[in-house]
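Structure, as structure tokens:
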2 protein chains.
Amino acid sequence: MEQAISFTEENYLKTIYSLARQDKGKIANLSIAEKLHINPATVTEMLKKLNEKNLIDYNRIDGAALTPQGEALALKVIRKHRLWETFLVNRLSFTWDEVHEIAEQLEHIQSDKLIRQLDKLLGFPKFDPHGDPIPDKNGQLPQSQTFPLVSVEEPGTMVKLVGVANHTTAFLQYLDKIKLSLNDKIEVKEIHEFDHSMGIRIANRTAIMISSEVARNLLVSNQ
Amino acid sequence: MEQAISFTEENYLKTIYSLARQDKGKIANLSIAEKLHINPATVTEMLKKLNEKNLIDYNRIDGAALTPQGEALALKVIRKHRLWETFLVNRLSFTWDEVHEIAEQLEHIQSDKLIRQLDKLLGFPKFDPHGDPIPDKNGQLPQSQTFPLVSVEEPGTMVKLVGVANHTTAFLQYLDKIKLSLNDKIEVKEIHEFDHSMGIRIANRTAIMISSEVARNLLVSNQ
DNA sequence: TTTAAGTTCCAGGCAAACCTAATGATCATT
DNA sequence: AATGATCATTAGGTTTGCCTGGAACTTAAA
């Protein structure tokens, strides 16, 4: 019994997956409704349907959690999304703030061979242009110990930008403006207690100031 | 007033375009219904809708014909389809009998920049893996004077395979089996009057027999 | 125990894309 | 000019997928 999954259903699974990452645990109806900008009643309906299809475990008290099948499907969609983003940036000269919407369409294309070959063409990338990990064909996420820049407490610390936690066009274009790119080295020069703003040097250039909000959205690793 | 076009509507436009190529002129309701395997009443409904949107000129007596806008849209979809097929074969190692269904999905992705960049990546190809002409970004089709092999009347004629008129998996796999590929040289050795079957030599190999049905679906050019 | 927050149930709606069955129009031929 | 064949249209449904608002319920905290 091959059950077809609609675009909408795939998007719900993706949303539940990403909320579960953040919130650790079962997902409330309302948080899905807010994220997707739809009515909570609509969410209830869909959650019941996904529960029927064994893609989530759902009850009114605990909320929703992906079943293994649901998680596999969510990871597959995420894999496709991130591979397509990588393709768009690496092969078709898109900038990192342009690719999300197109990838939202491309992620629903159904063809296992297509995604396998695309992965191969791109050289089996582990991270997409935003630094997000790309699940492999078995749904395994590459490990990376990243942390938000804002959590650095010692001036003088050197880190490397490996990802962003905010994918909005506005934020990405801000990074372009301050000429901060993935894999750039960042040295924390000063940390201001009162607002957690930071002075940083990017790739040994002149130091600049960034707000704690920005620092919160920059994911970095040691060295 | 940007009016959204659904997948289904795009498919109707494509169908009308291709029928107009064959049948020269206005398209009857019934021929669309047969091609898409749907009920004529359904077709009537959709044709009225497309007429409303000024994508076709339609009345019950003459049938349907694409307006300039409708033709431009049809050509755009065909362009996308054929560029994606080219990408799949040239970059992702697909065979020519595997690509149609995936391209049917990919052709509906909306992004002008995507298709422009894809075209560039592929080196602005003029023909897809089946030899079908790819419309350029202005909807212009490259010219090529091809004719079906079956129309050759003189034994000894040398031609080149430049396309196929039948895109079914069965036919394409038959061509693979007899090791006939695009751009192969074909020499017509003998023509049998009674059934129009032909003896041909492909790329100077041993001669083989093909039926007139096969010869009808092989598009060739001189030299 | 009351209230607020969250969830669900219910009734309903809407659009897209398809169907059947009956009716209507057109045309070729006699 | 009549007739029958063919094709198109109308009318009335169905299904799928998505959505809404409002009433009612549950739960947990004040």
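Here the structure is a predicted model, which is why all the values come from computation and not from measurement. What's counted below: heavy atoms across the whole structure, side chains too, no hydrogens, waters or symmetry copies. Note on naming: letters A, B, ... go to the chains in the order of the sequence lines (proteins, then strands), and numbering restarts at 1 for each one.
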Hits for side-chain hydrogen bond (donor to acceptor under 3.5 Å, both in side chains) against B:K76, two or more places apart or cross-chain, chain-then-number order -> B:D112
Please tabulate, one pair per line, each protein N/O and nucleotide N/O from nucleotides 11-19 of chain C that are separated by under 3.5 Å, including the distance.
| residue | atom | partner | partner atom | Å |
| --- | --- | --- | --- | --- |
| C:dA17 | OP1 | B:S6 | OG | 2.8 |
| C:dA17 | OP1 | B:T8 | OG1 | 2.9 |
| C:dA17 | OP2 | B:K49 | NZ | 3.0 |
| C:dC18 | N4 | B:E45 | OE1 | 3.0 |
| C:dC18 | N4 | B:E45 | OE2 | 3.3 |
| C:dC19 | OP2 | B:N39 | N | 2.7 |
| C:dC19 | OP2 | B:T42 | OG1 | 2.9 |
| C:dC19 | N4 | B:E45 | OE2 | 3.4 |

Qualifying residues under ring-ring contact (aromatic ring centres under 6.0 Å, His included), relative to B:H167, sequence neighbours excluded = B:H130
Which residue pairs satisfy the side chain to side chain donor-acceptor pair (under 3.5 Å) criterion with at least one member in residues 39-50 of chain B, sequence neighbours excluded?
-> B:N29-B:T44
Residue set satisfying ring-ring contact (aromatic ring centres under 6.0 Å, His included) with A:H100, at least two apart, ordered chain then number -> A:H81
Can you check whether A:K48 has a side-chain N or O nearer than 4.0 Å to OP1 or OP2 of C:dC9?
-> yes
Identify, with sequence neighbours excluded, every residue that meets side-chain hydrogen bond (donor to acceptor under 3.5 Å, both in side chains) alongside A:Q105.
-> none
Sort me out a list of protein N/O and nucleotides 5-7 of chain D N/O pairs below 3.5 Å, or just none if empty.
none

Taken to the nearest whole Å, CD1/A:I32 to P/D:dC19 is 13 Å
What residues, two or more places apart in sequence or in another chain, satisfy ring-ring contact (aromatic ring centres under 6.0 Å, His included) together with A:F7?
-> A:H108
Separation of A:N11 atom CG from D:dG17 atom C1', in whole Å?
-> 14 Å
Can you sort out the partners of A:N166 under side-chain hydrogen bond (donor to acceptor under 3.5 Å, both in side chains), two or more places apart, ordered by chain and number?
-> A:T168
For each nucleotide in nucleotides 25-30 of chain D, reading 5' to 3', give B when a protein heavy atom comes within less than 4.0 Å of its base, S when such contact involves only the sugar-phosphate, and - otherwise.
-> --S---
With sequence neighbours left out, the residues meeting side-chain hydrogen bond (donor to acceptor under 3.5 Å, both in side chains) with B:K137 are none
Check whether any side-chain N or O of B:K53 sits under 3.5 Å from a backbone N or O of B:A4 as a donor-acceptor pair, and report yes or no.
-> yes
Who pairs with B:Y12 by ring-ring contact (aromatic ring centres under 6.0 Å, His included), at least two apart in sequence or on another chain?
-> none
